[in-house]
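Throughout, protein chains are lettered first and strands after them, A, B, ... in sequence-line order, and every chain is numbered starting at 1.
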Protein chains: 2
Amino acid sequence: MQSKPTTIKEIARILNISPSSVSRGLHDHPSIGAVTREKIKQLAKSLNYEPNNAAILFQKGKTYTIGVILPELSEHFFSIAISAIEDEAIKKNYTVIFAQSHDNYEQEVKLVEKMKNQRVDGLLVSISKDTSKFDHFEKLNSFNIPVVFFDRIPPFKNVHYVACSLESATIKAVNYLLKKGHRSIGMINGPNTLYASEERKEGYMQAINFNRLKFDPTLVLNCDLTEQGTIEAAEQFLNHKRKPTAIVAFNDYVALFLIKYFKKLNVIHDFDIVSYANLPIISYLDNSPVASVEQYPYLQGQKAANILLDLIHSPNSEKQAYYNTIVESDLIVNEVKE
Amino acid sequence: MQSKPTTIKEIARILNISPSSVSRGLHDHPSIGAVTREKIKQLAKSLNYEPNNAAILFQKGKTYTIGVILPELSEHFFSIAISAIEDEAIKKNYTVIFAQSHDNYEQEVKLVEKMKNQRVDGLLVSISKDTSKFDHFEKLNSFNIPVVFFDRIPPFKNVHYVACSLESATIKAVNYLLKKGHRSIGMINGPNTLYASEERKEGYMQAINFNRLKFDPTLVLNCDLTEQGTIEAAEQFLNHKRKPTAIVAFNDYVALFLIKYFKKLNVIHDFDIVSYANLPIISYLDNSPVASVEQYPYLQGQKAANILLDLIHSPNSEKQAYYNTIVESDLIVNEVKE
DNA sequence: AAAAACAACGCAAACGTTTGATTAATTTTG
DNA sequence: CAAAATTAATCAAACGTTTGCGTTGTTTTT
């Protein structure tokens, strides 16, 4: 049983026909007669013939493989997204290979290189936090490997991408809080270097302006997203001259730290918290956020994968148009607790 | 820029030497002179030469790829495990391809087939819930593709596997509860068909016996792991003649349902709950389990990957010994809440 | 001065499959 | 019945790289 796998050549030799006929027979090519075809198929089956993929890929110059590069697979958002990607890929008979950049620019560059060497048919990327140069992706053009960015996308339009509009989501969130009667709304934002921070702030401002309120810049704080940073931001809010009654947290972790801290100080009931969903069971918390911005990772992954497969199958002449897909995010209001 | 990628042949043609020399030159083969070598390398660089992986793989009959098949990537446990697998693989310059069985036996069979066709160098598998036949893995033997199972492993020893001993973990858990003074301890177990259920029950019984207590079979309930099923089990405990004061839950979901239900009934403080960790932030819950069985998914993934890479590199003569690795699980006692 | 060693490179086969062009045999058509 | 069309199969090249074995010259050893 440790013999070499059966090859087309062997089948051909045994049947005393040419390898090309065997190949064609197995593929139901019309130029092979029914009798020969059946003989071929039978022998193939009885010999446990399995096509050598490596050879086929090499021959066809196609790998039927798509690569996925993302920062951290164990983050809930990404694990859902890549799960969707795999689901879509397998439907079209593609295989998924992936690698994690661990939010490291150099690693990302290496991985892009590696994916290129693997000759993936296409690449899905969610860029790392400290990526600000994008040359490493341009090389892929000359290899005709299409790239679709998702969720964490570069700050320009002339690429394919799928992402959530956190701006409009934030508008919804702030509007919701305003409608609930809040007049001083704080925001714990991420570092200014992040595009995601920009979007959140922009949405916040838009909502405030739209409701003809005055924007108070001291109510939007930057935070390094650690527990300590969150506590510092919370402190500032507690001592604020217009102490906010609601807080928009950058993500569920920040919300978690915030809730923990406020509960310790016994002031948790003074605040309504809204967050951006990235932890599964946060709604099970006792004082969970009153609402969450849902970013539909499964849908994003699905769309990104389908766009990529589209690009792979479309002639490379159609290079003019870029898919810029925005997945609408929704504000999920948590059920009122009994 | 849409020209075909540079090949060794082309470099050879330009330099008027043979392809074999180019290949050797690029690999620093001693039989190529320093001058020629440098000329080759320079031209290669300036022409943006990238080795065609498909060709190399084909010619070497190795793919430097390991396949991973698991039930559901978006489950926290698996996302951590595969994250570890990728980390290990990339250290050894291997690529990871993966696919999800979605806990479906037929799908699993198909995927094994597919992985085989992809000629992965090795396979890591966490089997699906409704897998009870294992022939599909045996085929891999004839292709010399080693398999290492992890976490969800087949019920026999003559395979390579890495898993957690849930039995010893359960002993620890029950012992802990006994030491805390509990004398009636309930267990919400999974379906009897699961090996994991068997292990938990076995551990429970061992701990009880070891402490010279009497085992009461009505305190170990089977459950379909849904919320409804959990509630039904909870009801039984509440009406039990020896109403338990502590409950061992099959996993964090069950614990979650249980906590929710008990809180609704306002009896949450009557119970100490122990669970098997599979949700990240459960310890942030207000009435979180007093202890959790940690199964170290990262470590499991890491070990499984390393064993597989070992098997790949070791001569296939060493087929006698099987790696049966048990990762000790620990009981993590949650901090006392202030 | 002959033999041996070595350095630097080329030849050609091989890996397994696909595919355009070709051939040979048979059948259909005008 | 000759010419055209159809059927069934073969040939050979190609995909890009690696590698065992030869083949040159040149240098070193006896």
Side-chain angles (χ1 to χ4, degrees), chain A residues 3-41 43-44 47-65 93 116-121 142-144, chain B residues 3-41 43-44 47-65 93 116-121 142-144:
Chain A
S3 58
K4 297 293 156 209
T6 313
T7 71
I8 281 192
K9 283 184 180 179
E10 220 168 280
I11 298 180
R13 201 176 40 74
I14 297 177
L15 252 40
N16 242 330
I17 57 182
S18 78
S20 48
S21 297
V22 177
S23 172
R24 290 190 160 101
L26 290 171
H27 289 86
D28 292 322
H29 191 281
S31 86
I32 300 296
V35 262
T36 324
R37 175 165 22 93
E38 285 317 308
K39 263 199 293 184
I40 292 170
K41 287 194 176 179
L43 185 61
L47 250 49
N48 264 322
Y49 168 74
E50 303 281 350
N52 181 330
N53 235 270
I56 296 175
L57 304 183
F58 164 57
Q59 203 297 122
K60 295 208 170 184
K62 252 200 101 176
T63 56
Y64 290 94
T65 295
N93 244 305
K116 185 182 55 187
N117 283 15
Q118 293 262 4
R119 296 287 198 277
V120 293
D121 288 346
S142 51
F143 282 78
N144 259 319
Chain B
S3 59
K4 298 294 156 208
T6 313
T7 72
I8 281 193
K9 283 184 179 179
E10 218 169 281
I11 298 180
R13 200 176 39 73
I14 297 178
L15 252 40
N16 242 330
I17 57 181
S18 77
S20 48
S21 296
V22 176
S23 173
R24 287 194 239 260
L26 291 170
H27 289 86
D28 292 322
H29 192 281
S31 84
I32 300 296
V35 261
T36 324
R37 179 172 9 101
E38 285 317 308
K39 263 201 291 183
I40 293 171
K41 287 194 175 179
L43 186 60
L47 250 48
N48 264 322
Y49 167 74
E50 303 280 352
N52 181 331
N53 235 270
I56 297 175
L57 303 183
F58 165 57
Q59 121 67 42
K60 294 209 170 182
K62 252 200 97 168
T63 57
Y64 289 95
T65 295
N93 244 305
K116 185 181 55 187
N117 283 15
Q118 293 263 4
R119 296 287 199 278
V120 292
D121 288 346
S142 52
F143 282 79
N144 259 320

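In this structure, CG in L57(A) is found 10.5 Å from CD in Q118(A), a value given to the nearest 0.5 Å. Note: K41(B) NZ to L43(B) CG = 13.5 Å, rounded to the nearest 0.5 Å. Within the model, atoms CG of D28(B) and CZ of R37(B) stand 5.5 Å from one another, a figure rounded to the nearest 0.5 Å.
Within the 4.0 Å cut-off from OP1 or OP2 of dC9(C), not a single side-chain nitrogen or oxygen of S21(B) is found. For the pair S20(B) and dC9(C), the criterion of a side-chain N or O lying under 4.0 Å from OP1 or OP2 is not met. At the phosphate of dC15(D), OP1 or OP2 sits under 4.0 Å from a side-chain N or O atom of K9(B).
Per the geometry, CD1 belonging to I56(A) stands 14 Å off C1' belonging to dT19(C), to the nearest Å. At whole-Å resolution of the value, CD1 in I11(B) and C1' in dG10(C) are 17 Å apart. Nucleotide dT17(C) holds its C1' atom 12 Å from the CZ atom of R119(B), rounded to whole Å. Nucleotide dT18(D) holds its C1' atom 8 Å from the NE2 atom of H27(B), rounded to whole Å. Rounding to whole angstrom units, CD1 of residue I32(A) and C1' of dC11(D) are separated by 13 Å. Note: CG (L15(A)) to C1' (dT10(D)) measures 15 Å, nearest angstrom. Distance I8(A) CD1 to dC11(D) P: 16 Å, rounded to the nearest Å. Atom-to-atom, CZ of R37(A) to P of dT10(D) comes out at 15 Å; the value is rounded to the nearest Å.
Residue-level contact check: G61(A) touches neither bases nor backbone, having no heavy atom under 4.0 Å from any strand. Among the atoms of the strands shown, base atoms are found under 4.0 Å from some heavy atom of S23(A). At a threshold of 4.0 angstrom between heavy atoms, the contacts of S31(A) include nucleobase atoms, whether or not backbone atoms are also involved.
Judged by distance alone, with hydrogens and angles left aside, R24(A) brings a side-chain donor or acceptor within reach of the base of dG20(C), the pair sitting under 3.5 Å.
Comparing E50(A) and S18(B) along DNA chain C, the residue whose closest nucleotide (by nearest heavy atom) sits nearer the 5' end is S18(B). Summary of the strand contacts: V35(A) and F58(B) both lie near DNA chain D, and taking for each the nucleotide with the nearest heavy atom, the more 5' one is attributed to V35(A). The residue among A55(B) and I17(B) whose nearest nucleotide of DNA chain C lies closer to the 5′ end is I17(B).
Judged by distance alone, with hydrogens and angles left aside, the side-chain atoms of N117(B) form no donor-acceptor pair with the main-chain N or O of N53(A) at under 3.5 Å. The closest donor-acceptor contact from the side chain of H29(B) to the backbone of S31(B) lies under 3.5 Å.
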